[in-house]
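One structure is given here, and the rest of the page talks about it.
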Amino acid sequence: MAIVSFPSSILKVTNLAKSFGGVKAINDVSFIVREGTVTGLIGPNGAGKSSVVNAISGFTRVDRGVVELAGHDITNQAPHRIAARGLIRSFQIARELQKLTVLENMMVAPFQQLGESPWRALISRRAVMREEREHLAAAVDWLQMFNLFPLRDEYAGNLSGGQKKLLELARALMAKPKVVLLDEPMAGVNPTLAKTLQGYISRLRDQGVTFLLIEHNLSVVEAICDHVVVLAEGAVLAEGQMNELRETEEVISAYLGG
Amino acid sequence: MSSLVFYLLTVAIFFCIYCIYGWGLNLQFGLTGILDFTYITFVAIGAYFAGVAALQPGNGGIGGQYILGWHLPFPIPPIIGGIAAAVLAILVGYVGLKRLRSDYLAIVTVSVGQIVWTLIGNITPLFNGWDGLAGVPQPFNSVFQLDFNHYQWVFLVICVLFAALGFLIIERLTHSPFGRVLRAIREDEDVAAALGKNVFRYKMMAFVIGSIYAGVGGALTIAYIGAFNPSGFTTMETFIIWAAMLVGGSGNNRGMILGAFLVPVLFNEGTRFLPSPPGNPLLAESIRGMAIGLLLIFAARYRPQGILPERKTVFRLDGLPQGGEAGGDRLVPQ
Amino acid sequence: MSLLLMGVGFGLITASVLALASVGLTLQFGVTNFVNFAYGEFLTIGAYLAYFFSTVANLNIWLSMLLAALLTAGFSWLVNRVVIQPFLKRRAPLLILLVVTIGLSLFLENGVQAIAGPSFQQYVTVPGAIVNIGPMIFTGQQLVIIAIAIVLMTGVHLLLKYTRIGKAMRSMSDDPDLARISGVPIQRVTDLAWVISGFLAGLAGVVLAINVTSFTPALGSQFLFIIFAAVIVGGIGRPYGAMLGALLIGLVTEVSAMYIDSAYKTVVAFAILVIVLLFRPQGIFTSRGRV
């Protein structure tokens with residue numbers, strides 16, 4: 001008999017709270033994301049999903065609560081520190097670096113590149129070039145996987161909406177993250193590409209990448225999420241698997257009535 | 001030597017110096033998107049500090065009131081000038097670059113420009129106040145013992161060497177991973193931060209390196225003219241460099257060379273013979289200012305990328321596996 | 001103590017000039033969402049127009065001021081339509097817009113200098129009788145300046161609070177996207193904001209010129225960063241904040257000038273700007289988190 005190993009939590013959010021000028025955007029939110037899973041964060045408009053994403057990734061400060069990534073407290077740290085710890089986020093509206101090519105977008109992502117120091121860029125040219133080759137190989141790999149390779153020398157600003165979303169995901173993966181936080185990756189993506197994107201996420205999950213996913217489309221959530229957290233009015237309303245949650249009174253009323 | 005040759009030498013020297021200014025500003029704005037509306041103040045600080053580093057100790061009397069007076073040989077004064085400009089940049093950067101919108105830094109730079117200008121003019125013991133420094137020794141002149149005209153060639157060689165070195169450094173930085181991060185920040189600060197880049201630190205580095213270019217350029221200017229005072233760093237001077245950058249091509253160091261030729265050289269020299277009627281002695285100056293202002297607006301309107309736009313980076317992929325069966329179910333490169 | 005109160009007296013005058021200018025700038029920022037570096041030149045233009053009316057056309061200074069302010073308002077409207085709007089229509093990035101306003105500033109200042117010459121000008125006016133209020137000394141003219149500021153600040157308050165267009169202006173400043181969706185007439189509100197800010201700038205230019213007695217084409221550009229200081233202290237885009245910011249900067253600079261060399265007044269304003277930017281970049285009088 002196989003022993004079912006229960007994956008440990010890699011991202012842990014405890015009692016998060018945040019208000020903007022008296023309005024509570026996040027009331028009291030706690031949940032965990034287990035390693036190697038796709039966790040969905042859903043809820044009606046104004047439920048506080050975006051606030052949670054911004055709070056976790058350090059783009060807004062929280063008033064209360066703790067965010068832990070792989071055992072490290074990352075609460076209210078600067079966004080670049082959180083990213084360097086291994087949590088890479090995407091943005092709801094794809095934010096590609098327009099006047100950088102697709103390949104350059106990828107090449108920005110790896111952490112602590114030697115040539116990012118102006119001094120080393122000047123004097124250690126050989127070592128920098130060597131490192132560039134390594135990153136280039138990884139970038140080419142990812143672009144091929146996402147079918148973006150033919151567009152590698154195109155300015156990212158010239159890509160279609162869906163391609164930008166793909167690029168954002170590829171770029172996030174290029175940073176070798178512990179957790180990828182995707183803010184509505186399917187928004188504005190045509191149905192065919194959305195299916196492809198779903199496929200990628202599932203496959204990456206199988207290969208060990210952890211995702212936290214904000215998503216509106218419940219059938220997408222049902223298809224790819226292992227675990228789902230439902231937010232409403234800045235608090236966790238319910239959690240579990242999507243097929244169970246579909247039956248839950250509160251979830252139905254929150255979506256349809258609220 | 002004919003006066004035409006002398007004139008052309010002067011123009012060539014200033015052309016080199018404007019290239020140096022331009023590359024620094026280009027690193028700040030063209031690459032990083034930093035709005036430095038008082039670039040000339042960093043030039044001035046470089047010039048003043050290089051000047052007092054090269055001068056004999058001041059006698060404290062009229063025309064002789066200034067700090068330092070270390071009487072250092074070339075090329076130490078330009079290094080000191082560069083360091084002084086860098087220190088000012090760090091101070092300004094701390095106030096203006098931290099978690100603020102880009103217009104806030106612009107406001108800070110405009111304010112700093114005015115404050116520094118007022119202080120240097122009013123506090124005479126610093127750099128001899130409104131009269132400014134004079135009699136700054138020309139580099140190597142005591143070694144070669146050349147007459148004034150022949151010395152111009154020596155100085156041109158010095159400037160060409162500085163410009164060549166400056167170009168080499170700026171090109172390497174621009175096309176390195178460092179330059180790539182700066183451009184990422186220019187495109188979207190949040191994305192750069194979300195990819196683990198310390199935006200403040202990079203902006204500060206770009207601001208400081210750009211200011212070093214300003215300071216060294218200023219040091220060359222004072223070494224050439226031998227004098228410098230507050231009328232040498234007015235707002236308009238900043239925007240001549242800005243116009244040169246926008247016209248030539250922001251983000252492209254070669255475009256900057258073209259811009260340094262077109263704007264400060266052609267434009268300034270070409271308008272030298274505008275009338276200055278007795279009733280309005282600054283008429284030519286005013287018209288030049290209006291023209292620079294219009295040039296900025298029109299460049300921004302019709303060709304913001306400049307004559308030679310930023311070049312696309314194309315990586316050479318030979319030797320890397322590509323195409324074919326790639327993209328299958330193979331494991332993620334973790 | 002009386003030195004302090006004397007400083008307060010001067011501070012009230014400076015604050016009045018500053019309030020007119022900074023409320024104008026902040027109203028404009030509220031709808032445009034970018035800083036106009038040519039704003040100082042609107043003050044200069046106001047001052048020179050009034051000079052033309054009062055000295056060349058021999059009109060009364062206050063009438064000249066009103067005419068100058070009205071013309072500056074019209075000019076401001078024109079600048080928005082002719083220079084700024086084409087860039088907004090093309091969705092020019094913020095950086096480019098700022099470069100445009102600084103180019104405009106250079107063009108206008110040098111334009112004034114080309115026409116009027118670089119030398120100092122001065123209105124031929126009567127300062128009026130001296131009025132003592134405790135240790136504070138005012139000329140009749142200065143009391144008029146303070147009165148003008150109070151009347152106009154009240155006017156701006158009534159506009160923002162009670163008129164539909166004023167409320168629209170406020171909502172645009174608070175949340176431009178929301179305002180757009182909820183049917184605020186963007187074009188009209190923007191036009192109006194430029195007209196009002198031009199009018200206030202014109203007035204401010206004239207009273208500034210009266211206050212400093214003699215002026216050059218650099219009048220506005222030299223005053224600009226003090227306006228910035230007041231606007232940022234009050235929280236940029238916030239009219240009431242700008243009023244308080246103007247009061248604070250006016251009082252602190254003038255009181256400090258009683259104790260240190262008055263040549264360093266601007267340095268004091270700068271120091272306040274730096275401190276605010278370092279510790280409360282959103283402004284002293286606001287609670288909003290992000291800038």
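Chain letters run A, B, ... following the sequence lines, proteins first and then strands; every chain starts at 1.
- Taking C:P118, C:P217, C:S119 one by one and counting their heavy-atom pairs under 4.5 Å with chain B, the maximum is reached by C:P118.
- Taken to the nearest 0.5 Å, the OG1 atom of C:T101 stands 9.0 Å off from the CG atom of B:D103.
- For the pairing with B:F37, the ring-ring contact (aromatic ring centres under 6.0 Å, His included) check across C:F37, C:F228, C:F225 returns one residue only, C:F37.
- Interface residue C:S221: only backbone heavy atoms are found under 4.5 Å from chain B.
- Only the side chain of C:L273 has a heavy atom closer than 4.5 Å to any heavy atom of chain B.
- Residues B:Y94 and C:L278 share a closest heavy-atom pair of O-CD2, 3.6 Å.
- Only the side chain of B:L119 comes within less than 4.5 Å of a heavy atom in chain C; its backbone stays farther off.
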Check your understanding: Going through the distances and angles, do B:I292 and C:F107 end up as a side-chain contact (heavy atoms from CB on, under 4.5 Å)?
Key -> CA-CA 7 Å; B:I292 293 284; C:F107 176 76; over 6 Å; no
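- The two atoms that bring B:V108 and C:L277 nearest to each other are CG2-CD1, 3.1 Å, heavy atoms only.
- Going from atom CD of C:E109 over to atom CE of B:M290 covers 12.0 Å, rounded to the nearest 0.5 Å.
- Heavy atoms of other residues, nucleotides or ligands lying less than 6.0 angstrom from CZ of B:F261 number 12 at most.
- Looking at C:N33, the atoms closer than 4.5 Å to chain B (heavy atoms on both sides) sit in the backbone and in the side chain alike.
- Using a 4.5 Å cut-off between heavy atoms, B:I115 touches chain C through its side chain atoms alone.
- Counting heavy-atom pairs under 4.5 Å between each of C:D261, C:V99, C:T266, C:I96 and chain B puts C:V99 at the top.
- Only the side chain of C:I232 comes within contact range of chain B, judged by heavy atoms closer than 4.5 Å.
- Contact of C:A92 with chain B is not made at all, since no heavy-atom distance falls under 4.5 Å.
- Nearest heavy-atom pair, C:V100 versus B:A300, reported as atom, atom and distance to 0.1 Å: CG2-CB, 3.6 Å.
- Of the atoms belonging to B:F29, it is side-chain heavy atoms, and not backbone ones, that fall under 4.5 Å from chain C.
- In this structure, the separation between CG on C:N110 and CD on B:E285 is 7.5 Å, given to the nearest 0.5 Å.
- Heavy atoms of other residues, nucleotides or ligands lying less than 6.0 angstrom from CZ of B:R303 number more than 12.
- The two residues C:R90 and B:R301 have their closest heavy-atom pair at NH1-NH1, 2.8 Å.
- For the atom pair OG of B:S111 and CG of C:L224, the computed distance is 8.0 Å after rounding to the nearest 0.5 Å.
- The closest side-chain heavy-atom distance from B:I123 to C:Y264 is below 4.5 Å.
- Looking at B:L282, the atoms closer than 4.5 Å to chain C (heavy atoms on both sides) sit in the backbone and in the side chain alike.
- Using a 4.5 Å cut-off between heavy atoms, B:L35 touches chain C through its side chain atoms alone.
- We find the OG-CG distance between B:S250 and C:L95 to be 9.5 Å, quoted to the nearest 0.5 Å.
- At a threshold of 4.5 Å between non-hydrogen side-chain atoms, the residues B:T118 and C:V267 do not count as touching.
- Atom CD1 of C:I102 is separated from atom CZ of B:F239 by 3.5 Å, given to the nearest 0.5 angstrom.
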